[in-house]
Amino acid sequence: MDLDHLNPAQRDAVQQLDGALLVLAGAGTGKTTVITHRIAALLRSGIPARHILAVTFTNKAASEMKARLITMLPEFNTKRMFVGTFHAFGCSVLRRFGDRLGYSKAFAIADTDDQNGVLKQVLTDMKLGEGELKFEFFKNGIRHANNNMQNAEGIRNSGRMSWFSTLADVYDAYQRRLKSMNLVDFDDLLGLPVKLWTMDQRILEEYRDRYRYLLIDEYQDTNRIQAEMIRLLSGTRKNICAVGDDDQCIYGWRGAEVNNILEFEKGYPGARIFKLEQNYRSTNNILAAANAVITNNSRRHTKTLWSEGTSGDQIKLFEVATETVEANVIADLVQDIRYEKDIPYNEIAILFRSNFQSRVFEQSLREHRIPYRIVGAKAFYERREIKDALAYLKVLHNKADNMSLLRILNVPSRGIGEKTVEKLKEIAETTDSALVDALENEEFLASTRSAVAKRVREFSEAFQRGVENFDESMSLSAKVRLYLDDIGYLAGLKTIYKIREEQAVRVENVEEFINSAALFEERFAETASLQNFLESYALMDDNDRVREADAEIENVTLMTVHAAKGLEYEIVIVAGLEEDLFPHELSVKEDNLEEERRLFYVALTRAKQQLVLSRARTRMRYNRKEIRCPSQFIAELPQELIDSTQLRNEIAPAKQEYVSSIFDTMRERYS
DNA sequence: GTCCGATGCTTTTTT
DNA sequence: AGCATCGGAC
């Protein structure tokens, strides 16, 4: 066996096959290597693949691990092993046993918009609607209850103040409404399996028997329910291998419980602990900076990263006048690196604390004609037309999804206004049917003007044809196109968006969406059903949602530090190192400075070769110029590692390449 | 019912 | 500055 490539600590962790073990793996210490080798070791020791459950934090990590195992172990059938995220695993449990909890097996997954929509409806119905603040309060309250495995009763019993009982009522109504629409939210994907296993010991035993060896990656970011899932599954065998780095716990605000990793031994007495500290990613200067920063945190397992490599370049620090200058200086630097150091764009990442920072960079990169891709928020899947197209599909798969129906019923305009919708809801309620079915109700149709009724009929009929079509064997993307066309959405795009240029963009985006269904089919051939397509979409994270087109060309990557977790680049540029931005002002207020520092630590340790930090002395906010102070984290870096030689001109002279490229564009445009 | 301009709010991080 | 929502005019 090829254990020769492993260092002693890695080898120990790989070879300890039974019992509980915690692998404390610092950034870049070959965590994934350990997990894959460990799985290989399990298989080679004769344990069948079906007994192995490997949980990763992202889908991307899961598919990379699968791919690695297949090349590493061609002789084993690794298909029967589970490799995926907690949410995907929970989903598979519910697809099998959801009916025991009163869910139909064809349930759909509520995305963030759906969750917000349902909660808003509930609050309006209960006349608690006014004010965003209240909305946030209830949203946090529900999430908090779920994280602590509390139901409505639990909330009610947890305090005397009247808001406990109000929150309990809202919680109850929210859950009931979701369920009535046959929807399951992200928390349910974890909470319901736990409920099921606690309720029915036989099902739990079946799962325990099936999954005898558990491996959990990024254990520092598990929450209480995820830890509970693992505790229940591990049973008395306790064959659990938790891998993680407490210094990289950056999802505390989402319920991640650092204590899961800090106090692992309490839950699994006698667990063996292995520390991986030899780093294979970064230069020693980068590691020294990271080590120095993280020692300012108090609650952690002490680790010191080291590498056999060179110390490398110093860390560059830019301190410039404004955020626009910051973006331009960085774009210049990116171009320099590309052409002078011959490092491809896709080995360069620009990281920031908050999404809004991406805008200036987009502009400067465009001006410099540097290709880039953005991971996250404002990206492709957030577009209105994509959400509309998706809503059309969501109702088709799940008729009970009234919210999606309401989203698209009048998009494009079919003359169905507020009053008509009220009537529709009323009829749906009295006949106890889904809104989509109520559309065919004669009483409802009679209540609308004949022109409207005609268009409603056309809609219902097209919908019905869609339902029937999806039973037939035709390619998924072809069915999607046929349905969106038949129901009038594709042609409707031209009436929804008046401006010619905008139209073209929107149509193109929807085409790309349809194409993504085709790509999904290519990847999952026989299992590419509408349900699986929607499910995989709902369970995607921002890194999965990067456009296919963007993944192929050589691009600079723009993303938040959160999104960069688990990734590495030759060159990493961290922008906006200013007090109140990084660390974020809210996190300081909420007393989460240590988590911000871990986030900074994550940012630093993404870099292999060169790290560049920058800050602006002023920054526009709400259209006002604000003076900004350097981030306290800058002062935590050892001075001798920093090269803060001021740039000769903050705006560097244009490169020859850049000038000629502008002439090229002009020639193209005017010839 | 639809369109369009005024208003006011935004910026934490996301499976 | 940009976006989302609301209210008034057609």
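Chain identifiers are assigned alphabetically (A, B, ...) following the order of the sequence lines, protein sequences preceding nucleic acid strands; residue numbering begins at 1 within each chain.
- Aromatic ring centroids of A/Y219 and A/F264 lie under 6.0 Å apart.
- Both A/S587 and A/G415 lie close to DNA chain B; mapped to their nearest nucleotides by heavy-atom distance, the more 5′-ward contact belongs to A/G415.
- The CZ atom of A/F356 sits 9 Å away from the P atom of B/dT12 (whole-angstrom rounding).
- For A/R621, the listed nucleotide lying nearest its side chain is B/dT11; candidates were B/dT14, B/dT11, B/dT12.
- In this structure, the CG atom of A/N59 is 9 Å from the C1' atom of B/dT15, given to the nearest Å.
- Relative to the side chain of A/S413, the nucleotides B/dT2, B/dT12, B/dT15 differ in distance, and B/dT2 lies closest.
- Residue contacts for A/T58: at a heavy-atom cut-off of 4.0 Å it reaches no nucleic acid atom on any strand shown.
- Residue A/F186 has its side chain nearest to B/dT15 when only B/dT15, B/dT11, B/dT13 are considered.
- Atom pair A/D114:CG and B/dT15:P shows a separation of 15 Å (rounding to whole Å applied).
- For the pair A/R624 CZ and B/dT11 P, the interatomic distance rounds to 17 Å; values are reported in whole Å.
- C/dA4 and B/dT13 have their P atoms separated by 16 Å, given to the nearest Å.
- Annotation: C/dA1 and B/dT12 have their P atoms spaced 22 Å apart (nearest Å).
- Evaluation of A/W253 against the base of B/dT13 yields a stacking contact (centre distance < 5.5 Å, interplanar angle < 30°).
- A/Q220 and A/D245 share no side-chain donor-acceptor pair at under 3.5 Å.
- Comparing B/dT15, B/dG1, B/dT13 by their closest approach to the side chain of A/S354 singles out B/dT13.
- Across all strands, A/E590 comes closer than 4.0 Å to base atoms (heavy-atom distances).
- Shown are A/R407, A/R506, A/K394, A/R383; of these, the salt bridge (charged side-chain N to carboxylate O under 4.0 Å, His left out) with A/D388 is made only by A/R407.
- Of the candidates B/dT15, B/dT11, B/dT2, B/dT11 carries the atom nearest the A/Y622 side chain, counting heavy atoms from C-beta on.
- The side chain of A/R359 approaches C/dC3 more closely than any other nucleotide in the set B/dT12, B/dG1, C/dC3.
- Residue contacts for A/F86: at a heavy-atom cut-off of 4.0 Å it reaches no nucleic acid atom on any strand shown.
- Applying the ring-ring contact (aromatic ring centres under 6.0 Å, His included) criterion to A/H562, with sequence neighbours excluded, gives A/Y251, A/W253.
- Within 4.0 Å of A/I416, counting heavy atoms only, lie sugar-phosphate atoms of the nucleic acid but no base atom.
- Because its NZ or CZ atom is both nearer than 6.0 Å to the ring centre of A/Y103 and within 45° of the ring axis, A/K179 counts as a cation-pi partner of that residue.
- The side chain of A/N410 places an N or O atom within less than 4.0 Å of a non-bridging phosphate oxygen (OP1 or OP2) of B/dT2.
- Distances shorter than 4.0 Å separate none of the side-chain N or O atoms of A/T112 from OP1 or OP2 on B/dT14.
- When the C1' atom of B/dT13 is taken as reference, atom CG of A/L581 falls 12 Å away, rounded to whole Å.
- The distance from atom CD1 of A/I225 to atom C1' of B/dT15 is 12 Å, rounded to the nearest whole Å.
- Near-neighbour residues of DNA chain B inside residues 556-568 of chain A, defined by a heavy atom below 4.0 Å, number-ordered: A/T560, A/H562.
- Between A/N355 and B/dT14, a side-chain N or O to OP1/OP2 separation shorter than 4.0 Å is present.
- When distances run from any side-chain atom of A/N623 to the nucleotides B/dG1, C/dA1, B/dT12, the shortest one goes to C/dA1.
- In this structure, A/F520 has its ring center closer than 6.0 angstrom to the ring center of A/F524.
- Distance from the side chain of A/R449 is smallest to B/dG1 among B/dT15, B/dG1, B/dT11.
- Ring orientation note: the planes of A/Y207 and A/W197 are tilted relative to one another, at an angle of 30° to 60°.
- Each of A/N260, A/N259, A/N148 was evaluated against A/R224; a single residue qualifies, A/N148, per the side chain to side chain donor-acceptor pair (under 3.5 Å) test.
- For A/F186 and A/F86, the gap between ring centers reaches or exceeds 6.0 Å.
- We find that CZ of A/F89 is positioned 16 Å from C1' of B/dT15, with the value rounded to whole Å.
- Rounded to an integer number of Å, the gap from A/E595 CD to B/dT13 P is 14 Å.
- In this structure, A/Y251 and A/T495 both approach DNA chain B, and ranking their closest nucleotides by distance from the 5' end singles out A/T495.
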